[in-house]
Trainee: 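One structure coming up, written as structure tokens, with questions to follow.
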Amino acid sequence: MKRLSFLMVAMLVSISLILSACGTKEASKDEKSDGGASKETKTLRVVTDAAYAPFESMKGDQIVGFDVDFVNAVAKEAGYKIDLVHVGWDPLFVEIQDKRADLAVSAITIDKARKETYDFSVPYFLSTNKILVPKGSSIKSAADLKGKVIAVQNGTTGQAAAEGILGKNSKDIKKFENNNLAIMELKNKGADAVVADNTVVEEYAKNNPKDKLVVIEDKDSFAQEYYGLMFPKGSELKVKFDEAINKVFDNGTYAKIYQDNFGTEPDIENLKAQQ
Ligand code: ARG
């Protein structure tokens, strides 16, 4: 009998030890997932395609660019830490859809089709597609692209714009995994033009004068687009990040980041008017 109760005490002690160990584990997990008292501790997985300078590109093993500065400022304002990971363009959509990532920042245009599958923040950047061609090219407008070979990044609004001109299944549209590869194809004369976001092609032409490329604008053919942060459908983060974006619009942080990256003033009023 004595021996039995000793055994029982021993068992009870070990059970309570195990339980308390579990308890500690649970508590620290909670702290991580909802921040416990302060949500500062929650780290969000943020995915991008870091081959789209000046918005996101690799500098050594660092991801740098306007989007990086922007998402850092907004996340901080919302009370989150972020872990920004370069996963590539097509994979980032899969990660958000599968809810493996909390949000994506990647110069992503808010459009009707994407809105069916994803949630977007309020707009944070105005963009339009433009045409990158070699100096001296006969291409002076979107209409001139007919009969030419266009290189685009697969799954972008640039691809959609090219399809609008050459037709959806045109074999004269060469699609690449990232926009740098599309530009390389142009330089290697495998394409006559690249269609991509104005800021990206303008920066490229400016920073690589040796490549002798120029940018063609065609306002009548290419619509105005707005970038947004992209979330899994129904994510609670959307509202928090919208609030934070409006705060950085109003407190001068957005203008500072914009100025640091582009050397000009943003039109915040126009961005806000789109909300
Ligand atoms: N704005 C365009 C789109 O949403 C192109 C974005 C490409 N972004 C990138 N990081 N590669 O389709």
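Atoms within each ligand, like the ligands themselves, are counted from 1 in listed order.
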Trainee: Please determine, by modelled atom types, if Asn261 and Asp69 share a side-chain donor-acceptor pair under 3.5 angstrom.
Mentor: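 Side chains of Asn261 and Asp69: pair found under 3.5 Å.
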
Trainee: Mind telling me whether Tyr254 and Phe66 have parallel, tilted or perpendicular rings, with 30° and 60° as the class edges?
Mentor: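 Rings of Phe66 and Tyr254: perpendicular, over 60°.
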
Trainee: How far is atom 11 (N) of ligand 1 from its nearest protein heavy atom, and which residue and atom is that?
Mentor: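 The protein heavy atom lying closest is Asp49 OD2, 2.8 Å.
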
Trainee: Can you tell me if Thr157 and Glu225 form a side-chain donor-acceptor pair at under 3.5 Å?
Mentor: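 A donor-acceptor contact under 3.5 Å links the two side chains.
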
Trainee: Judged by non-hydrogen atoms, does Arg114 sit under 4.0 Å from ligand 1?
Mentor: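 Contact check Arg114 vs ligand 1: positive.
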
Trainee: Closer than 4.0 Å to some heavy atom of Glu56 - which atoms of ligand 1 meet that?
Mentor: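 Answer for ligand 1: 10 (N).
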
Trainee: Starting from Val94, walk the hydrophobic network (Ile, Leu, Val, Met, Phe, Trp, Tyr; side-chain heavy atoms closer than 4.5 Å) and list everyone else you reach, by chain and number.
Mentor: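 Other cluster members: none.
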
Trainee: Look at the side chain of His86 and the backbone N and O of Ala50, then say whether any donor-acceptor pair between them is shorter than 3.5 Å.
Mentor: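 Present.
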
Trainee: Would you say Trp89 has any N or O atom under 3.5 Å from an N or O of ligand 1, going by distance alone?
Mentor: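 No, Trp89 has no N/O under 3.5 Å of an N/O on ligand 1.
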
Trainee: Minimum heavy-atom separation for Leu271 to Leu126, with atom names?
Mentor: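 Closest approach of Leu271 to Leu126: CD2-N, 4.0 Å.
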
Trainee: Give the atoms of ligand 1, by number and element, whose distance to some non-hydrogen atom of Thr157 is under 4.0 Å.
Mentor: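 It comes down to these atoms of ligand 1: 2 (C), 3 (C), 12 (O).
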
Trainee: For atom 10 (N) of ligand 1, what's the nearest protein heavy-atom neighbour? Residue, atom name and distance, please.
Mentor: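 Ranked first by proximity to atom 10 (N) of ligand 1 is Ser106 OG, 2.9 Å.
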
Trainee: Can you tell which part of Tyr227 has a heavy atom less than 4.0 Å from ligand 1: side chain, backbone, both or neither?
Mentor: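 Tyr227 to ligand 1: side-chain contact only, backbone stays beyond 4.0 Å.
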
Trainee: Could you list which atoms of ligand 1 come closer than 4.0 Å to a heavy atom of Ile108?
Mentor: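 Listed by number with element: 4 (O).
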
Trainee: If we only count N/O pairs under 3.5 Å, is Thr109 in contact with ligand 1?
Mentor: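 Yes, Thr109 has an N/O under 3.5 Å of an N/O on ligand 1.
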
Trainee: Can you name the nearest heavy-atom pair linking Leu84 to Ile63, along with the distance?
Mentor: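 So the minimum-distance heavy-atom pair works out to O-CD1, 3.7 Å.
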
Trainee: Looking at ligand 1, would Ala107 count as a contact under a 4.0 Å heavy-atom criterion?
Mentor: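 Yes, that is the case, since the closest heavy atom of the residue is under 4.0 Å from the ligand.
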
